[in-house]
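By convention in this document, chain letters (A, B, ...) are assigned in the order of the sequence lines, proteins followed by strands, and residues within each chain are numbered from 1. Everything numeric here is computed off the predicted structure, so don't read it as measured data.
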Amino acid sequence: MKLEGKYTYKASQQVVWDLFNNPRHLEKAIPGCKKLEERAPGKYDATSKIGIAAVKGTYSGKFEVLDPEPPNRYRLIGEGSGTPGFVKGDGIMEFSQEDESTVVSYTGEVQVGGLIAGVGQRLISGIAKMMIKEFFRKMKKELNSLK
Amino acid sequence: MSEQVKGKWVGKRMKRKEDLRLLIGRGNFMDDIRLPNMKHAAVLRSPYPHAWIRGIDVTEAERLPGVHGILTGEDVEKMSNPFPVGVPVPPKYYSCAVDKVRFVGEPVAVVVAEDRYIAEDALDLIKVDYEPLPVVMDIEEATQPDSPVLHDNIGSNIYSQRFFKYGDPEKAYEAADLVVKGKFLFPKYGSTPIETYAVIASYNPYNEEFLIYNNYQGPFVNHSLVALALGIPENKMRWIVPTDIGGGFGTKTGMYPYIALIALAAKKTGMTVKWIEDRREHLLASSTGTDRVTYMEAAVKKDGTILALKDKAIDNTGGYIRAPEPGCAYRSTGNHTGAYQIRDLDREVLVVGTNKCLTAPNRGYTCQELYFSLERLVDMVAAELGMDPAEIRFKNFIQPDQFPYSTATGGFYDAGNYPKAFQMALDMIDYKKMRKEQQKARKEGRYMGIGFATVVDPSVTNIAYVTLALTPEQRAKGHPKSGSGESVIVKMDPLGKVHVIACTNPQGQGHDTVISQIVADELGIHPDDVTVSNVVDTHDRIYTITTGSYSSRFASVGTNAVVSATRKVKEKMTKIAAHLLECNANDLEVKEEKFYVKGSPERSIAVKHVAGTAHWNQTALPEGMDAGLYASSLLSMPTSKPPDDLDRVDSSNTYGFVAEAIVVEVDIETGEVKFLKWASVHDSGTVLNPMLLEGQVMGSCTHGLGGSLYEEFAYDENGQCLTASFQDYLVPTAAEVPKIDIGHVETPSPLTALGSKGAGESSCMSVPAAIGNAIADALSPLGATIDELPLSPSKIWHLIQEARGKK
Amino acid sequence: MKPSAFEYFAPHTVKEAVELLEKYEDEAKILAGGQSLVPIMNFRLGRPEVLIDINNIKDLDYIKEEEDHLLIGALTRERDLELSPLVKEKCPILVEAVSFVGHVAIRNRGTIGGSLVHADPSSELPTVICCLEGEMRVVGPSGERTLEPEEFFLTYLTTSLEPSEILVEIKIPTLPQNTRWSFVELSRRVGDFAVVGVATLLFMEEGGVCKEARIALGGVASTPIRAEEAEEVLAGQKITDALIEKAGEEAAEATETEPDYHASAEYRKEMARVFVQKGLHEALSRVKGGK
C-alpha cells in the first residue's frame, strides 16, 4: 500500500534531522520496539513486538538508511519478519524548514505479507497508517524530551 | 444401447438412501478414520510469492517434545521425482518446494507430531532463509519475455501454446459484414467443498508398500502419476477412498500433491501420519479454477449469422502446472463453438504461470471461462446489429434435425433441442413482459437488465483431449491416449437381494440411490433390496484409469456400466428361469419380483427362486452354466477417440444443454444487484431422479452466482493472497440465493443405456455469462459494459462512474 | 489452525477476574463469547498466554431498567438483546443494530461487552453505542470508572481499557416516545462486516421539528464516528429532503475511508453519504416501536 504524510516539528531542521537519525530516539518511537541497534552507520537491527489488541507478533528485522542528503532527505528501507508474517517498507523522508519549524514529509510503500495479509486485509491499510501516525507522534514526544 | 428406459424407479423422485447416515452423523469421512498410533502433520507454508530458499533450520523444531520428525524440500527431492505433466517442457513440481517457492502458501516443510497443536508449535520454530524475487501476477505480463521467470529450466512463463485452425476462417471473414471484438477476464475462483483435503498415510518398509487413505475423486490417472513421482510401481501403493467425501467439485481431481507429501512424511518418520487441511490452507494452496484472459471476435453478417470465431485465450495455472492441466485450454475443444453452427475458427491458446496458487478442474472446467466470453460476445454482436439477443441465438442454434451433430472441432453432439429449451426459459421469465417492464423502468430512472446464456454442457471427459497440448507431429511420435471408462460389479444373493460394488467415487451426488433405482428397474425388484458399496480401493477393486467422479460422468458412463453389469445378471437369470419353466428365454419378462411368460402370466417363477437355484442348486442350472449370480462390466465410451491430424477431438461424450434467463435490477447508487427472475432450463437427457437433478441445478447455479458476484482468490500486486479466510473469500449463503425456477427438456442420448447425460456442472458454465449479460443489459443506457467478474457493488459503481465520466 | 498453548482460568466473580488481570496484565485476554477472540487465537494471530473465561460470572448477564436508562451487563448475549421485549420497547435501535451482527449462531454466543471491547470500527454495537452516547462502566484494581464513547474507543481494535480493567456494564438511555430512529447497513452478504453502517436518532419536539439529531457511522474511520456537521444541519429544523441530502454530503466529508479488497475508499465515502440519507429517510418514516 502507498502511504504519505506530513508532520510539523517545532525545531530547526538540523535538530530534527539529528533526531530522526538517532537510534536512541527511534527506538522509543518505532511501534513496539524492544531493541534497536546500529550495527553500522545507517544500518539498524530491530526487534519489535507489534500488534493491536490480541493480534500481536514479534518481528525481528533490519532498517537501512540509504542515499542520505543531510539535512534534507534520506531513503529508508526496512524489513521485519515474525510468525504472523512479514512487513517490508521503502520510503523517502524529506525535511524542510518553514519559519521556526521543520516539516517532515514521507512517501513510501509498505508491503504486508503472510498470515496477516491473508486474513486481516480488511484492516491492514488503516492499521498501518495508524501505526505510522503513532511513530511520528512519539517522535514529537522525543523532541520535547530534548528541550 | 439406445433404448430409453424409464421403468418404475428410474425417473422417480426417490429420496436418497445416503441421507439418513449423513444427517445423523454416521457418515464415513476421512476424519472418522482412527488408526492406531496415528500421528498428526502440519505444513509450513511460504509467506513469499517468489523467493529462493537459501536454507532451512529445523534443529529447534525437532527438539520440541512431541515432535516425531520433519520433512523438508531437500528430503522430498531425494525421495521422489517431479510429478509428470502433459507439456513438452514441464516444470519440476514436487510436493514440497525445493529450490524456490513460487506462490504464497507453497509447502516448505512438514512436521509430524503427537498432535496438531504441537505440530503447529513446531512450525513456529522452523527458520527459513528466503531471498525474495520479483513477482509476476498479471496473466498478460507472464507472456512477455521480460517477465520474472518462474522456472529456469523452461526459460519463460509459457507452459503450453498452440495454434488451431478449423474450416476456412479467412474466407468467412471476407464474407462478413462486420467484426465484433471483445476482451474478457474470468476470475480465479473455486468450489470450496466443505470437506477439505485429508490424507492418512503409512509405509511398510518390509514389503515397501504405501497405504494411503485420502479423499481424492479418483483413482483417475492420479494413482499412476503419484506412483511415478514416488518412484514405485502402482501395486506398491494402495489407495483407499472412504464411502463419504464432503464435496469435491473438481478440487479433488487435479494432481493432489499432499498424497505424495504425507506419504513421504510417513516413510521418513516410520509413523502413520494424518493430515487434514484447514480452511486457510485450502484457500491458500489447494486448487482453484484458472483465471483467463480472452480476446474473442466474431465475424458476422448483418442478419446476425455468425460466420467465424477468432480467439486467443490465456489461462493461468499459477506457480506450477500440474495434471490434468493444460486441460484448461483443451478440454472444451469439442464444444468450443457452444450451441451455434460456426464452422470456421482460428484459435490461439496459451497456458502460463504466475505467482498464484495452483489449479485443478473446477466444476464446469474451462466451460465457464469459454462461455463467459462467447455468450457476452453474442450479446455484443446483437447490440451492434440492433438485434434482440434472444433472436440472434435462435438464428445461430444448431437445429433439432441436425443431431447427432459433428462440430468443426471434432465434438459429437449426441442429442439436443436447443430452440425448445431456450423458448421454455423465455416463457418462464415471461420475456416479452420483461422487456416492456424494462422500458417502463428506464423511464422511471431504474435500471433493469435481462441476460441469457445458452450453452452446451459436455460430460464424460475423453482423456485424449490432453494430448492436444502436443502438435500432430509430436503426437505421432508418442503414445496416444483415449477413453472414458467405468467399472461395476453386480451380484445377487440366494434370496434375490442385490449388492453392487462400484467405485464411482461420489462426493455427495447420490450415486448409490440412482444405482439402486436402475438395478431395481432392470431386475424387477425394489430399490430397498439393493445395497451399494462405493469405496475406492486400488488393491481390491476393479477400476479403469479414468474411473472417478468428475466431468459429470456418472450419469452417462457410470450408469452405462451399471446397466451393462445388471443386464448381464438379468440375462443369466432369464436363462435360468427359462430353463426352470421349460420355455424360451425370449418369451419371458420380469416385473414385480417375478419372471412371467408373456401372455401366460400364470406361468411364472419368483426372482427369489431363480436366485436361490443359482446358489443352492447348481446342478439344476442349464448345462455349462457357472454357479452363482454376478456380473462385472468394465467399459469405455466408444466415442472417446484420440485427436485426429487436424486437431479435432471429441473431448467429451455426452452433451447436454442449459438455457439460463436472468432478470436483474441494478441500483446505480450503490452498485447492488437484485434478482427479479431467474429461469434455468436443463437438458440432461433422460432424468434419472428429478430430485437429485434439481439439487445439482441449484448447486451449480449457486456456484455460478458465487463466481459472478462474490468469489475470487484475490492477490495483491506483490503476490500476497488477500482471501485466506471465509471472511474475505465470499461464498454465497442461502440468503444470497434468489428464487430460481427450474425447467427440463429431455433429449435422450443415443450413446447411453438410459439416455441420460451428465448434469452436475451445468449452470456453473452458464450463470456467470447470463449474469454478466444481465448486468451489461441493465447498464447499457449508461454506456457501461461488462467484461470481467466478479462484480462487487464497488466495482459496478466504479464502472458506472467511469461510463458517466466519458459522456 | 490450532491455537498456541495457554493457561486457563474461570473466575466466578468480577473481583477474581480483576485479580487475575492484575497478575497477568498484557499476557491475559478475557474470553466472553469468543466470536472474535477464538478465531484470532486459532489463526495464531494472537497468542495470549493466559485466558480468563468470564462466562461463569453470571452477575454480568442482565438487562435492567433504571429510571430513564437501561443497564446491560457486559456478558449479555447479543441474541438476548435482540429478543428482549424490554429493549425493543425502550431502545429499539439497539435491537435493530444487533440483528445485523453476524448470524444467529454467532449472536447466541457473542456478548455486548466483548463486541465493544473488541472495538472493530465496522461492528454494529460500537456504532450504535456511539449514537446512543452509552456509558461504559469499567472496573479495575483501583476501583471503577465510567467512560463515554469518545474516551472509550481509541482506534482500530483498541479501547482505553488498562490491561487490568474489565468492562462490566453499559448504560444506555431509554428513548422518548416520539423518537425517530434507524439502523442501516451496507454489507457484501447478510451477516458480513459493514462496508458502512449508520445509526440515526432524531429527538423530536412539537410541530415535527428535530430537536437533536445523532448520526453515528461505522466502517468509515478507525473508530465509529459521529457526523457532527451533518447533525448540525438537522438540529432545530423541520427535516426536508433537501436537508437530508445536505446532511449526507456533510457526513461523507467527515469520513476518512480506507480501501480494502471489497470496496474502494471513494466508494465507501460515497456510500457513507447514501446510507446516511437512507437512514434519515427510514428514521422519518418510522413511528417509534414500529415501521
Practice item. Go through the structure and list residues passing side-chain contact (heavy atoms from CB on, under 4.5 Å) with B/I276, not counting sequence neighbours. Key: B/D31, B/T196, B/A198, B/K274
Point to revise | For A/T58, side-chain contact (heavy atoms from CB on, under 4.5 Å) partners two or more places apart | key: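 With sequence neighbours excluded, A/T58 shows a side-chain contact (heavy atoms from CB on, under 4.5 Å) to A/T47, A/K49, given in chain and number order.
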Practice item. With a 4.5 Å heavy-atom cut-off (strictly below), which parts of residues 40-58 of chain B touch chain A? List them by number. Key: B/P47, B/Y48
Check your understanding: Among residues 101-131 of chain B, which residues come closer than 4.5 Å to chain A, judged by heavy atom distances?
Key -> B/D124
Point to revise | Interatomic spacing from CE in A/M1 to CD in B/E717 - rounded to 0.5 Å | key: 10.0 Å
Review point. To the nearest 0.5 Å, how far apart are CD in A/Q121 and CG in B/D728?
Key: 4.0 Å
In this structure, are over 12 heavy atoms from other groups packed under 6.0 Å from [X] atom [atom1]?
X	atom1	value
A/E4	CD	no
A/L66	CG	yes
B/E74	CD	no

Review point. So, for B/S725 and A/V119, which heavy atoms are closest and what is the spacing to 0.1 Å?
Key: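 Here B/S725 and A/V119 meet closest at CB-CG1, 4.1 Å.
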Exercise for review: State, to 0.1 Å, how close A/G114 and B/Q720 come at their nearest heavy-atom pair, and which atoms those are.
Suggested key: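 It is N-OE1, 2.8 Å.
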Check your understanding: Picking from A/I124, A/V112, A/L115, A/T83, which has the most non-hydrogen pairs under 4.5 angstrom with chain B?
Key ->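 Result: the option with the highest number of such pairs is A/L115.
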Check your understanding: Counting N and O atoms only, with roles assigned by atom type, does the side chain of A/Q111 sit under 3.5 Å from a partner on the main chain of B/N718, one being a donor and the other an acceptor?
Key -> no
